[in-house]
Amino acid sequence: MPRDEHVITKDDIISLNDYELIRNEKRQESILRKKFRRLAIGPYATIQFESWDSMWLQIQEMLRIEKGGDEQLVDELYAYNPMIPNGSEFTGTLMFEIDEEERRTAFLKTLGGVDQHIHVIIGDHKVTAEPEQDIDRTRADGKASAVQFLHFSLTDEQAKIWKSGEGQVMIQIDHPNYGHAAIISDECRRDMARDLD
């Protein structure tokens with residue numbers, strides 16, 4: 001599996017039958033990893049920092065559910081490969097979660113442009129998110145999407161500080177209508193360091 005190449009290829013995907021044999025084990029691994037790679041940011045936002053492994057599992061699960069074969073695989077690789085950290089970045093899926101649809105819609109209408117207000121803080125360095133360029137995540141009426149796909153590109157110096165384990169690191173949203181931050185644990189930081197070359 002070419003994790004070092006930061007890409008999933010057809011050769012990395014196993015048959016549905018073989019996947020069923022290891023599915024429970026892989027899902028348990030994913031649940032454990034998500035415990036420290038998923039952070040709440042205030043009352044309504046949660047970010048999941050992605051990895052090669054999380055995207056591989058997502059593709060395998062989509063193929064298992066939809067059973068679209070090679071034709072579907074092409075689409076899944078196209079959709080999920082961009083969210084694999086490229087060796088000098090972190091990637092994350094940010095979700096705004098409010099159970100009641102009416103309240104959620106009203107809340108999201110106040111968050112236009114939120115993707116420009118999401119940062120990873122590494123000591124004195126602020127790394128502002130860059131949205132995945134697949135679609136616009138804020139509609140013309142100002143309503144933000146409940147799901148944001150994000151990239152945080154690090155300089156060599158920032159990556160070095162991250163890997164050193166020194167100082168504090170956090171994730172921050174500083175939108176005028178939603179200002180919250182969360183400290184990234186040492187365990188999460190060590191695991192995410194594996195995503196950096």
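One-based numbering along the sequence shown.
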Decide yes or no for Arg64 and Glu61: does some side-chain heavy atom of the first lie under 4.5 Å from some side-chain heavy atom of the second? yes

Please check: side-chain N/O of Gln116 versus main-chain N/O of Thr128, any donor-acceptor pairing under 3.5 Å? no

Run Asp70 and Lys10 through side-chain contact (heavy atoms from CB on, under 4.5 Å) and show every step you take. CA-CA 9 Å; Asp70 286 348; Lys10 182 179 178 180; 3.4 Å; yes

Atom of Ile122, atom of Ile161 and distance for their closest heavy-atom approach: CG2-CG2, 3.6 Å

Whether Trp56 side chain and Asp12 backbone form a donor-acceptor pair below 3.5 Å: yes

Should Arg38 and Arg33 be marked as a side-chain contact (heavy atoms from CB on, under 4.5 Å) after you check the CA-CA gap, both sets of side-chain angles, and the distance that decides it? CA-CA 8 Å; Arg38 179 180 294 233; Arg33 184 162 280 137; over 6 Å; no

Glu71 side-chain N/O to Gly68 backbone N/O, donor-acceptor pair under 3.5 Å: no

Rounding to 0.5 Å, atoms CG (Asn177) and NE2 (His117) come to a distance of 9.5 Å

Within the distance-only criterion (no hydrogens, no angle test), does the side chain of His119 pair as donor or acceptor with the backbone N or O of Ile121 below 3.5 angstrom? no

Any carboxylate oxygen within less than 4.0 angstrom of a Lys/Arg side-chain nitrogen, looking at Arg104 and Asp99? no

Can you find a heavy atom in the side chain of Glu29 that is under 4.5 Å from one in the side chain of Leu57? no

Whether Ser54 side chain and Ser51 backbone form a donor-acceptor pair below 3.5 Å: yes

What do you reckon, is NZ of Lys35 surrounded by more than 12 foreign heavy atoms closer than 6.0 Å? no

Can you pull the salt bridge (charged side-chain N to carboxylate O under 4.0 Å, His left out) pairs that have at least one residue in residues 86-97, sequence neighbours excluded? none

Using atom types as modelled and distance alone, determine if a side-chain donor or acceptor of Gln60 lies under 3.5 Å from a backbone N or O of Ile14. yes

Indicate the atoms forming the closest heavy-atom contact of Trp162 with Ala193, along with that distance. NE1-N, 3.8 Å

Are the side chains of Leu73 and Leu63 in touch, meaning some heavy atoms are under 4.5 Å apart? yes

Quick one: sort the Phe107 and Tyr178 rings into parallel, tilted or perpendicular, breaks at 30° and 60°. perpendicular

Residues His151 and Thr91: side-chain donor-acceptor under 3.5 angstrom: no

Heavy-atom donor-acceptor pair, Ser15 side chain to Asp18 backbone, under 3.5 Å: yes

Can you confirm whether more than 12 heavy atoms, excluding those of Ile183, are under 6.0 Å from its CD1 atom? no

With a 4.5 Å cut-off on side-chain heavy-atom distances among I, L, V, M, F, W and Y, is there a chain of contacts connecting Val74 to Ile84? no

Any idea which heavy atoms bring Phe96 and Ser145 closest together, and the distance? CD1-O, 4.1 Å

Between Ser30 and Lys26 (side chain of the first, backbone of the second, donor and acceptor by atom type, cut-off under 3.5 Å), is there such a pair? no

As an exercise, state the distance from CZ of Arg190 to CZ of Phe36, rounded to the nearest 0.5 Å. 9.0 Å

Cationic N near anionic O, under 4.0 Å, Asp174 to Lys126: yes

Derivation of the side-chain contact (heavy atoms from CB on, under 4.5 Å) call for Val120 and Met170: CA-CA 6 Å; Val120 167; Met170 67 178 68; over 6 Å; no

Do Ile98 and Thr105 touch side chain to side chain, with heavy atoms closer than 4.5 Å? no

Nearest heavy-atom pair of Ile171 and Phe49: which atoms, and what distance? CD1-CZ, 4.2 Å

Shortest non-hydrogen contact from Asp115 toward Ile118: CA-CD1, 3.9 Å

Hey, could you give me the CE/CG distance between Met55 and Asp53, rounded to the nearest 0.5 Å? 10.0 Å

Under a 4.0 Å N-O cut-off, is there an ion pair linking Arg23 with Glu20? no

Any luck finding a side-chain donor-acceptor pair between Tyr80 and Glu50 under 3.5 Å? no

Quick one, Val114 with Ile173, criterion side-chain contact (heavy atoms from CB on, under 4.5 Å). Give me CA distance, side-chain angles, the key distance, then yes/no. CA-CA 8 Å; Val114 70; Ile173 302 174; 4.1 Å; yes

Once rounded to the nearest 0.5 Å, what's the spacing between atom CZ of Arg194 and atom NZ of Lys163? 13.5 Å

Testing Asp195, Asn86, Asn81, Asp197 for side-chain hydrogen bond (donor to acceptor under 3.5 Å, both in side chains) with His6, which one passes? Asp197

What I'd like to find out is whether the side chain of Leu21 reaches to under 4.5 Å of the side chain of Tyr19, using heavy atoms alone. no

A side-chain contact here means heavy atoms from C-beta on lying under 4.5 Å apart; do Ile47 and Thr93 qualify? no

So, the side chain of Arg37 versus the backbone of Gln48: is there a donor-acceptor pair under 3.5 Å, distance only? no

Evaluate the side-chain proximity of Gln58 to Met83: yes if any heavy-atom separation is below 4.5 Å, no if none is. no

State the CE-CG distance between Met62 and Leu77, to the nearest 0.5 angstrom. 12.5 Å

Closest heavy-atom pair, Ala40 versus Ala182, reported as atoms and distance to 0.1 Å, is O-CB, 3.3 Å

Validation row: Thr46, Leu39 side chains within 4.5 angstrom (heavy atoms): no

In Å, rounded to the nearest 0.5 Å, how long is the span from CZ of Phe152 to CE of Met192? 8.0 Å

